[in-house]
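Step one of this worksheet: look at the structure below.
Because only heavy atoms are used, hydrogens play no part in the values below, and waters and symmetry mates are left out as well, while side chains stay in. We count residues from 1, following the sequence as given.
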Amino acid sequence: MSETTTSNKNPGRAWRFALPLAIFFALVWFMWKGLSLNPRELPSALINKPVPVFSLPQLHDNTKMLSGADMKGKVWLLNVWGSWCVSCRYEHPVLNALAKKGVVPIVGFNWKDRPEDAKGWLVKFGDPYAFSVSDLEGRVAIDLGVYGAPETFIIDKAGMIRYKHAGPISEELMNETLVPLIQGLNKA
């Protein structure tokens with residue numbers, strides 16, 4: 001009789017151990033899942049949507065403006081960069097190589113940078129850009145959902161954003177992903 005009484009008193013005791021154990025395994029699962037994700041693959045709400053309307057002064061002649069509408073009818077690459085950005089130095093030779101191939105017009109999006117610093121940087125490292133625009137205050141970058149520099153967008157002939165990459169472009173990414181995508185969009 002006392003055995004029955006004891007087992008009726010202990011059901012809550014099992015839960016006291018099972019609940020923390022279940023929480024522990026749930027945390028381990030979320031951590032394992034998080035480690036398997038690529039931090040460079042940031043979701044963008046702008047994929048397959050029109051590039052935000054903008055009109056920004058060109059870096060080399062601030063009396064001239066450039067907008068997304070000026071690029072309609074062309075597949076183009078928009079690259080967010082700054083002379084203050086260390087990772088931009090890593091990807092810059094890749095952009096120079098892409099520009100030499102003439103696969104796509106590259107538009108530089110100079111972000112929160114002093115124009116004299118940006119121009120000096122392009123003189124020092126080479127200028128792969130067909131145009132560079134200057135977003136001193138960073139307002140257009142907010143509309144583009146820019147997290148940081150460098151970031152790269154591929155925009156199709158209709159002005160729709162088809163691809164976004166956060167972080168420096170590697171030679172492998174350029175050859176295996178960007179160039180085939182650009183060539184496919186040019187054929188469409």
Side-chain angles (χ1 to χ4, degrees), residues 37-60 62 66-68 70-71 74-156 159-185:
L37 299 175
N38 183 349
R40 299 273 180 217
E41 292 177 8
L42 298 173
S44 175
L46 296 177
I47 298 296
N48 297 322
K49 294 193 177 164
V51 68
V53 175
F54 71 88
S55 182
L56 289 171
Q58 292 189 22
L59 179 65
H60 294 289
N62 65 5
L66 183 78
S67 70
D70 295 329
M71 299 303 288
K74 299 176 185 172
V75 177
W76 53 293
L77 185 149
L78 180 67
N79 178 250
V80 180
W81 68 281
S83 65
W84 46 265
C85 165
V86 175
S87 295
C88 296
R89 285 186 185 193
Y90 172 76
E91 81 168 0
H92 205 71
V94 178
L95 291 173
N96 282 332
L98 182 62
K100 283 181 184 169
K101 290 181 180 179
V103 174
V104 66
I106 305 172
V107 175
F109 186 95
N110 185 241
W111 185 37
K112 291 187 174 185
D113 204 357
R114 294 183 344 177
E116 58 272 16
D117 293 343
K119 291 176 196 173
W121 198 83
L122 292 174
V123 167
K124 185 175 181 180
F125 297 109
D127 188 353
Y129 304 113
F131 307 98
S132 276
V133 293
S134 183
D135 186 19
L136 284 171
E137 297 174 5
R139 291 190 179 153
V140 176
I142 292 170
D143 293 340
L144 279 168
V146 171
Y147 293 96
E151 285 191 19
T152 300
F153 299 84
I154 303 291
I155 300 156
D156 72 8
M160 305 288 278
I161 295 174
R162 297 300 182 191
Y163 181 82
K164 177 182 178 181
H165 177 76
I169 298 171
S170 66
E171 209 169 300
E172 180 184 13
L173 178 72
M174 180 181 74
N175 292 329
E176 295 178 7
T177 304
L178 298 185
V179 171
L181 175 64
I182 291 164
Q183 289 171 337
L185 290 172

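- Residues Val146 and Trp111 form a side-chain contact, since some pair of their non-hydrogen atoms from C-beta on lies under 4.5 Å apart.
- Looking only at side-chain heavy atoms (C-beta outward), Glu91 and Thr152 come within less than 4.5 Å of each other.
- Residue Lys119 qualifies as enclosed at atom NZ: its count of foreign heavy atoms under 6.0 Å is above 12.
- Residues passing the salt bridge (Lys or Arg N to Asp or Glu O under 4.0 Å) test with Glu116 are Arg114, sequence neighbours excluded.
- Note that the OG1 atom of Thr177 and the CD1 atom of Ile182 stand 10.5 Å from one another [nearest 0.5 Å].
- A distance of 8.5 Å separates OG in Ser170 from CG in Leu178, rounded to the nearest 0.5 Å.
- Here the straight-line distance linking atom CG of Leu78 with atom CZ of Phe153 works out to 6.5 Å at 0.5 Å rounding.
- Rounded to the nearest 0.5 angstrom, Met71 CE and Leu66 CG are separated by 7.0 Å.
- Nearest approach of Ala118 to Asp113, heavy atoms of both residues: CB-OD2, 3.6 Å.
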### Task
Just do the side chain to side chain contact (heavy atoms under 4.5 Å, CB included) check on Met174 and Val179 with the steps written out, would you?
CA-CA 6 Å; Met174 180 181 74; Val179 171; 4.0 Å; yes
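- Under 3.5 Å, the side chains of Ser132 and Asn110 contain no donor-acceptor pair of N or O atoms.
- Listed by first then second residue, pairs satisfying salt bridge (charged side-chain N to carboxylate O under 4.0 Å, His left out) with a partner in residues 120-142 read Glu137-Arg139, not counting sequence neighbours.
- Pairing each heavy atom of Leu59 with each of Pro115, the nearest pair is CD1-CA, 3.9 Å.
- Within the 4.5 Å cutoff, side-chain heavy atoms of His60 are placed close to those of Leu122.
- Residues Val94 and Pro128 have side chains not in contact (no heavy-atom distance under 4.5 Å, counting atoms from C-beta outward).
- Smallest separation of non-hydrogen atoms from Leu46 and Pro52: CD1-CG, 4.2 Å.
- Rounding to the nearest 0.5 angstrom, the gap separating the CD1 atom in Ile155 from the CD1 atom in Ile161 is 5.5 Å.
- Applying the salt bridge (Lys or Arg N to Asp or Glu O under 4.0 Å) criterion to Asp156, with sequence neighbours excluded, gives Arg162.
- Judged as a disulfide bond (SG atoms under 2.5 Å apart), the pairs with a partner in residues 78-145 (not counting sequence neighbours) are, in order, Cys85-Cys88.
- One finds the CZ atom of Arg89 at 8.5 Å from the OG atom of Ser83 (value rounded to the nearest 0.5 Å).
- Side-chain contact between Tyr147 and Lys164: present, with at least one pair of heavy atoms (C-beta onward) separated by less than 4.5 Å.
- Under the 4.5 Å side-chain criterion, counting only non-hydrogen atoms from C-beta, Leu144 is not in contact with Phe54.
- Ring planes of Trp81 and His92: tilted class, angle from 30 to 60°.
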Side-chain atoms of residues 95-108: list all donor-acceptor pairs with protein atoms under 3.5 Å, sequence neighbours left out, distances to 0.1 Å.
unit_1 : atom_1 : unit_2 : atom_2 : d
Asn96  : ND2    : Phe125 : O      : 3.0
Lys101 : NZ     : Asn175 : OD1    : 3.4

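- The shortest distance between side-chain heavy atoms of Phe131 and Asp70 does not fall below 4.5 Å.
- Among pairs with a residue in residues 167-178, none fulfils salt bridge (charged side-chain N to carboxylate O under 4.0 Å, His left out), at least two apart in sequence or across chains.
- Put simply, the side chain of Val140 does not reach to within 4.5 Å of the side chain of Val133, judged on heavy atoms.
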